[in-house]
> 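Here's a structure for you.
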Amino acid sequence: MESRPTIVLGVIGADVHAVGNRILAYALAEAGVKVVNLGVLASQEEFINSAIETGAQAILVSSLYGHGEMDCRGLREKTVEAGIGSILMYVGGNLVVGKMDWNEVEEIYKNMGFDRVFPPGTLPDEVIPQLKIDLSWDVQMEGSLSGTCPSC
Amino acid sequence: MESRPTIVLGVIGADVHAVGNRILAYALAEAGVKVVNLGVLASQEEFINSAIETGAQAILVSSLYGHGEMDCRGLREKTVEAGIGSILMYVGGNLVVGKMDWNEVEEIYKNMGFDRVFPPGTLPDEVIPQLKIDLSWDVQMEGSLSGTCPSC
Amino acid sequence: MQLTNEKWDIDEFSKIREEVLLQWPTGAEVEIQEAIGYQKNLPSEKRFSEKLAWAEKTGTTLAQPRAGVALISELIELLKYLQDAGGADVLPTTIDSYTRLNRYQEAQNGIEESRAHGRSMLNGFPAVNHGVAACRRIVEELNVPLQVRHGTPDARLLAEITLAGGFTAFEGGGISYNIPYAKDVPLSKSIRDWQYVDRLVGYYEENGITINREPFGPLTGTLVPPCISHAIGIIECLLAVEQGVRSISLGYGQCGNLVQDVAAIRSLKELAEEYLSDFEYSNVTVTTVFHQWMGGFPQEESKAFGVISWGAVAAALARANKVIVKTPHEALGVPSREANAAGIMATKQILNMLSDQKMPETYELFEELEIIKKETRALITKVRELGEGDLAAGAERAFQAGTLDVPFAPSRANAGKIMPVRDNRGAVRLLDFGNLPFDDDIRDFHRERISQRGQHESRDPSFQMVVDDIYAISKGMLVGRPRR
Amino acid sequence: MQLTNEKWDIDEFSKIREEVLLQWPTGAEVEIQEAIGYQKNLPSEKRFSEKLAWAEKTGTTLAQPRAGVALISELIELLKYLQDAGGADVLPTTIDSYTRLNRYQEAQNGIEESRAHGRSMLNGFPAVNHGVAACRRIVEELNVPLQVRHGTPDARLLAEITLAGGFTAFEGGGISYNIPYAKDVPLSKSIRDWQYVDRLVGYYEENGITINREPFGPLTGTLVPPCISHAIGIIECLLAVEQGVRSISLGYGQCGNLVQDVAAIRSLKELAEEYLSDFEYSNVTVTTVFHQWMGGFPQEESKAFGVISWGAVAAALARANKVIVKTPHEALGVPSREANAAGIMATKQILNMLSDQKMPETYELFEELEIIKKETRALITKVRELGEGDLAAGAERAFQAGTLDVPFAPSRANAGKIMPVRDNRGAVRLLDFGNLPFDDDIRDFHRERISQRGQHESRDPSFQMVVDDIYAISKGMLVGRPRR
Ligand code: B12
Ligand code: B12
């Protein structure tokens with residue numbers, strides 16, 4: 001595999017929570033990932049089309065605002081239809097409306113076809129090593145983040 | 001029954017919580033009750049002896065510090081032995097160690113022979129009308145408390 | 001049609017109104033004269049503006065939660081609980097995210113899924129779908145004033161339905177409900193659509209019904225310096241008043257440094273009144289709203305109570321007229337009704353305990369007050385300049401030019417060039433001014449404060465410092481000190 | 001034997017010591033030289049005095065819970081939880097009420113009943129019954145310093161056992177653990193018994209082991225004016241230092257008015273250092289302890305969080321070295337470990353968020369500071385006068401004369417003539433001065449403040465006002481305003 005993997009990142013549905021997305025994009029880029037950031041209000045189609053266009057190895061979906069269940073349903077099926085059915089898919093954020101038992105939440109999203117499901121408050125430091133394993137790629141992280149903001 | 005009932009009031013056992021006792025004594029006196037106040041650290045014997053000496057119609061036991069269960073056990077039996085077995089007995093305060101279901105607490109104390117059991121935070125305004133009913137006596141309460149402290 | 005800050009002609013308004021009411025079938029339920037009659041019959045304790053006037057007169061800070069679920073009777077039950085068990089002084093109805101983006105069909109699906117799942121699948125109440133009669137049922141079942149809280153760039157139909165439905169206050173504005181809540185909506189459109197809302201409110205006002213309007217102060221909720229939200233709030237206030245609004249509440253989201261927060265609330269009211277008289281508007285009542293910390297919360301409920309309580313302290317000492325309350329579930333999800341009530345109760349305990357205490361008057365407070373005023377005036381002056389005297393056109397151009405700029409906002413209309421960071425005492429300052437029209441005095445002030453922190457932490461202020469600040473409160477701190 | 005403030009002769013001490021160790025079989029386990037050796041081997045992170053020195057140096061406020069249960073392994077589990085999940089900086093072991101009254105047989109029954117019932121039937125840990133080895137197990141299982149917290153008029157055997165058991169701090173004093181905690185114990189006895197404890201601590205000190213001593217600041221926890229607890233704390237400090245104690249923490253229980261609370265903590269340290277140098281003691285380290293509200297709490301947990309948080313704010317802004325944390329279960333009963341940890345977490349969230357913020361320096365604060373100092377000095381001067389220069393004798397006589405007097409205290413040694421009440425801002429003042437030796441300036445100050453409140457409430461200050469104040473915080477207020 002190429003030394004710099006490409007991933008598609010975005011906040012799905014009618015969700016406008018932009019802060020976590022900015023930080024994820026920044027941290028992933030700092031770690032050497034090529035980040036295609038759709039930003040907020042991203043539709044399922046945008047995720048799929050960008051993944052195809054850029055030959056991405058993973059799709060990272062955020063949903064913060066509670067409608068994730070409705071917004072994410074069918075995404076895996078669409079990747080299959082589009083011929084990228086085996087692409088790695090992560091989802092994270094506040095994935096359901098309200099406080100719900102985490103095991104149940106994880107189950108709901110795994111059943112939808114996500115490979116990994118991340119709870120509220122996940123830090124980039126916890127995502128990047130996992131991505132490294134799942135994409136068998138060498139992370140170029142040196143200590144913690146530094147430098148200036150690439151996207152702002 | 002005499003128009004001013006006499007009651008014995010005190011904080012049982014090794015308990016030194018004095019504030020609620022002061023206020024109860026004050027409020028009962030203001031309402032026209034003759035209060036024999038044992039204060040804190042009162043033993044079962046003191047309650048019984050005072051009740052006999054003063055011909056009291058009721059014993060009001062406080063326990064705040066959590067050892068109430070151990071301290072109150074046997075009090076009803078002692079009143080029987082002393083020949084005042086039918087005297088009205090109230091207990092109130094923080095009656096067990098820790099936060100416990102109130103119904104259980106009430107049950108424990110009723111089984112020990114208390115006629116009424118009062119939860120934490122009971123106000124004098126809630127006790128006096130009850131006492132009035134149980135002693136079928138005319139409370140002389142006019143509005144809320146007023147005047148200066150009798151005991152301080 | 002050119003965007004201008006001028007009171008809409010009633011005919012023009014009526015023409016557009018016809019289209020608006022056709023956007024969803026429930027629009028047909030709105031009959032303005034009948035609605036005015038309905039509003040007239042509401043008892044005064046259900047009128048937001050009257051409750052605010054009482055709060056102002058008695059020096060009380062009203063506590064208001066956020067709350068909304070998909071279905072009507074569940075919403076009523078929830079709000080009753082917050083009123084009775086929680087002791088909320090005024091109530092909200094928070095609108096779901098599909099409605100906010102006018103996706104009424106998706107909201108409809110959400111209603112049906114909620115019925116099917118037996119739990120709310122929507123993060124708020126889809127008032128448009130439910131319609132006028134449903135809103136009135138809510139208003140009638142409760143004893144305190146109700147406000148619509150949302151985040152809708154085009155809230156015209158929502159306003160029509162909820163005001164006809166008896167709500168007496170309506171949050172939002174053409175900037176504050178666009179920049180943090182949308183990606184592709186042009187400011188010219190959202191400002192115009194909010195002129196419509198304000199014109200509607202003005203129409204009620206002309207007919208003797210005061211509806212309170214509240215620009216959304218916190219914006220993105222994340223390290224927004226007071227001058228930014230103040231400038232936007234005051235501009236929205238002036239735009240609203242031009243359309244006939246007379247009761248305005250201006251909001252501000254807690255930054256966390258007590259002196260800055262108190263100075264922010266005070267300066268907000270003083271500045272608004274200054275501009276209102278400068279623009280020669282009269283008979284406008286301005287009140288203030290303090291939002292407990294709007295950024296990321298700690299996950300532990302007890303820590304969240306700490307954050308909530310600190311917000312309550314600042315609201316009380318600032319003598320804000322209203323405080324918007326967070327809950328111990330904030331970091332996790334839409335709160336249970338118990339968690340929501342808990343937030344209100346913790347807040348009110350503090351408000352009451354502090355109601356007789358005052359913020360100490362110091363030079364530091366005065367200095368903070370002055371810098372906020374100076375910055376805000378600089379931002380508004382530039383808007384007037386760019387608009388050649390017109391605030392509506394000016395606001396649009398200011399965002400284009402980046403002389404108004406909101407940190408971390410998703411909107412493409414926003415330059416996104418400024419970068420806030422905390423100083424050594426936790427006050428929010430600017431590390432990058434972007435294109436803000438600030439003179440050297442202001443810039444030096446910020447730089448000096450930030451460099452104090454840099455020295456203290458032995459590191460150069462950078463985006464890493466900003467990231468640390470974004471996480472700080474959720475990790476139990478205010479200032480994001482470097483990890484050891 | 002006449003009560004005097006003089007360092008005990010070692011022979012006299014040793015003689016009494018033999019009797020003390022015979023009070024309960026576990027006394028035989030104490031071997032002082034071996035104990036000194038054990039203490040010497042404790043790592044410095046387990047020494048209370050060192051943690052306090054670090055707190056002072058770094059400007060940190062340490063958070064400490066109260067906690068104690070009947071059985072050893074349950075206690076260890078509880079304390080570990082508070083350390084690890086709660087984040088307590090220093091830990092307590094709270095002793096049960098039977099042990100506090102030297103009723104070791106009843107404590108023994110409590111242990112057995114607890115084993116039988118499977119829940120703690122005691123409100124604390126009966127350390128004397130469990131003995132030295134048990135204490136060491138506790139100390140060894142935890143990573144932070146441990147203090148004994150109790151309320152024992154005669155704590156001689158308790159001190160012997162727990163200090164030999166590796167505890168590095170010991171709360172209490174001859175006045176502060178008598179007047180609020182006993183009815184019939186003469187002050188001459190409790191003061192002497194505490195001279196014993198201090199002499200024991202002094203002996204450890206002479207042997208290179210610093211044990212921190214902390215007079216119990218809050219007394220009855222109910223509307224105690226700062227000058228009363230300050231005077232008592234400083235006298236106990238001086239008595240302790242005479243016996244060789246070198247690490248002293250002085251406590252104060254929150255009254256609720258921020259200015260008064262901050263002034264109280266500052267004046268406490270300043271006064272203590274002033275008197276120490278006046279009495280020519282040197283090498284004494286004085287730190288401060290702030291107790292979150294010690295009177296009646298609200299029953300709702302969320303409201304309790306509000307009270308806890310407000311206490312944390314005052315502790316942080318006062319820069320107290322340590323804060324003693326309440327829990328959301330306070331009004332109900334001994335807290336569950338989760339509730340206890342929750343209190344610590346809420347507190348630490350606030351402490352951290354405020355660690356970089358300062359109390360504004362105002363004339364009001366200065367005025368409050370000065371009045372507390374003036375009052376405290378008047379009380380201590382009178383003690384010196386009555387004791388003809390001797391503080392121990394003077395303290396006893398001062399209580400007899402009512403020139404030292406604690407509100408709502410159960411002890412017969414206490415005159416019980418003073419009556420505190422809140423002023424219009426919630427600061428605790430004196431409605432009745434009893435026999436306190438205050439000049440007209442001080443009296444006028446109190447009267448004026450109280451009369452402001454009377455006017456505001458249109459009622460004459462009376463005992464009813466005091467009763468209202470006693471209930472106020474538990475009913476969600478600070479000042480007990482008349483019910484409408
Ligand atoms: C700031 C904020 C806002 C701002 C957003 C400004 C903006 N445009 O960005 C404003 C005020 C506008 C806002 C609006 C709303 N919000 Co909001 N908001 C928050 C808040 C307080 C903080 C979010 C944040 O910025 N956190 C900081 C960042 C750094 O963390 P993050 O977003 O969690 O992201 C991190 C991780 O989650 C993780 N992560 C995220 N995605 C992914 C994906 C993958 C693959 C991985 C591995 C990791 C990962 O990594 C990120 C970086 O560390 C949260 C609550 C909280 N967390 O405290 C509520 C919250 C997310 N909002 C919520 C809601 C409901 C709304 C509204 C609907 C209004 C309402 N009803 O109250 C609207 C929605 C508008 C819309 N259409 O989306 C709810 C969601 C409820 C739910 N899921 O049950 C929350 C949880 C609050 C609550 N408890 O009610 N909000
Ligand atoms: C002030 C206080 C103290 C002061 C007391 C000063 C004094 N001498 O009076 C000090 C600091 C010394 C103290 C010490 C201790 N305390 Co304490 N204390 C309190 C506190 C905070 C307030 C009590 C109070 O004054 N309330 C105000 C008065 C007006 O209300 P009240 O006492 O509840 O009384 C009213 C009602 O209960 C009712 N009532 C009371 N008795 C009766 C009887 C009848 C018949 C009726 C009808 C009504 C009634 O009417 C009263 C008037 O309205 C309570 C917690 C709370 N309530 O918030 C803990 C509390 C009572 N203390 C407690 C404990 C454990 C102790 C200690 C053992 C120390 C420790 N381990 O922490 C020692 C005990 C010493 C001893 N031997 O007794 C526990 C008891 C735990 C339990 N039951 O599970 C409590 C509940 C705190 C807690 N949650 O841990 N305490």
Side-chain angles (χ1 to χ4, degrees), chain A residues 10-27 29-30 37-43 46 62-71 73 93-102 104-105 108 119-126 143-152, chain C residues 69-70 96-101 103 106 109-110 113-114 117 119-124 151 180-184 220-223 295-299 328-329 331-336 339 407-412 416-419 432 434 459 462-464 466-468 470-471 474-475 482-483:
Chain A
V11 187
I12 202 164
D15 194 337
V16 299
H17 289 91
V19 184
N21 171 268
R22 288 278 171 88
I23 293 187
L24 278 176
Y26 169 69
E30 284 279 302
N37 191 2
L38 305 174
V40 304
L41 293 169
S43 66
E46 285 175 78
S62 291
S63 177
L64 283 305
Y65 73 151
H67 294 182
E69 263 177 280
M70 294 187 285
D71 295 336
R73 211 175 281 149
N94 298 77
L95 293 169
V96 290
V97 175
K99 192 179 168 177
M100 196 165 142
D101 177 56
W102 175 246
E104 269 183 66
V105 177
I108 291 175
T122 303
L123 292 176
D125 306 7
E126 302 161 80
S144 67
L145 308 176
S146 64
T148 47
C149 172
S151 60
C152 340
Chain C
V69 287
D96 72 289
S97 292
Y98 293 134
T99 302
R100 293 169 183 218
L101 293 174
R103 303 188 185 170
E106 283 170 79
N109 299 345
E113 291 220 22
S114 303
H117 281 65
R119 63 181 165 99
S120 181
M121 298 290 288
L122 292 178
N123 57 14
Y181 284 101
K183 190 155 100 175
D184 287 319
T220 52
T222 306
L223 305 179
F297 253 65
Q299 302 215 1
H329 284 182
L332 300 165
V334 167
S336 68
F408 313 109
S411 170
R412 297 214 169 100
K417 284 194 174 154
I418 67 170
M419 190 53 62
D432 193 328
R459 61 170 173 174
S462 69
F463 186 64
Q464 181 58 45
V466 181
V467 171
D468 292 338
I470 289 174
Y471 287 117
S474 69
K475 302 279 166 227
R483 296 172 230 168

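Lettering of chains follows the sequences in order, A, B, ..., and the numbering in each one begins at 1.
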> Between C:R119 and A:E69, does any NZ, NE, NH1 or NH2 come within less than 4.0 Å of an OD or OE carboxylate oxygen?
yes
> Counting heavy-atom pairs closer than 4.5 Å to chain A, which one of C:L332, C:V466, C:D468 comes out on top?
C:L332
> Measure distances from C:Y471 to the heavy atoms of chain A and classify the residue's part below 4.5 Å as side chain, backbone, both or neither.
side chain
> At a heavy-atom separation under 4.5 Å, does C:P180 approach chain A through its side chain, its backbone, both, or neither?
backbone
> Show your working on side-chain contact (heavy atoms from CB on, under 4.5 Å) between C:L101 and A:L41 and close with a plain yes or no.
CA-CA 10 Å; C:L101 293 174; A:L41 293 169; 3.5 Å; yes
> Non-hydrogen atoms of chain A under 4.5 Å away: do they reach the side chain of C:S474, the backbone, both or neither?
neither
> I would like to know whether A:L123 and C:K475 meet side-chain contact (heavy atoms from CB on, under 4.5 Å); could you show each step before the answer?
CA-CA 11 Å; A:L123 292 176; C:K475 302 279 166 227; 3.9 Å; yes
> Return the minimal non-hydrogen interatomic distance between C:S97 and A:Y65, and the atom names on each side.
OG-CD1, 3.1 Å
> Are A:V11 and C:K183 close enough that some pair of their side-chain heavy atoms sits under 4.5 Å apart?
no
> Are the side chains of A:P120 and C:Q299 in contact, using a 4.5 Å heavy-atom criterion?
yes
> Indicate yes or no for a side-chain donor-acceptor contact from A:H67 to the backbone of C:N123 under 3.5 Å, with no hydrogens or angles considered.
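Yes, A:H67 side chain to C:N123 backbone: donor-acceptor pair under 3.5 Å.
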> What part of C:R100 gets within 4.5 angstrom of chain A, counting heavy atoms only: side chain, backbone, both, or neither?
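Neither part.
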> Under 30°, 30 to 60°, or over 60°: which ring-plane class applies to A:Y26 and C:F463, parallel, tilted or perpendicular?
perpendicular
> Sort C:P335 into side chain, backbone, both or neither according to what part of it lies under 4.5 angstrom from a heavy atom of chain A.
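Contact with chain A: none, neither part.
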> To the nearest 0.5 Å, how far apart are CD in C:E106 and CG in A:D71?
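Here the interatomic distance stands at 7.0 Å.
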> Side chain from CB out, backbone as N, CA, C, O: work out which of these in C:A339 comes under 4.5 Å of a heavy atom of chain A, or both, or neither.
neither
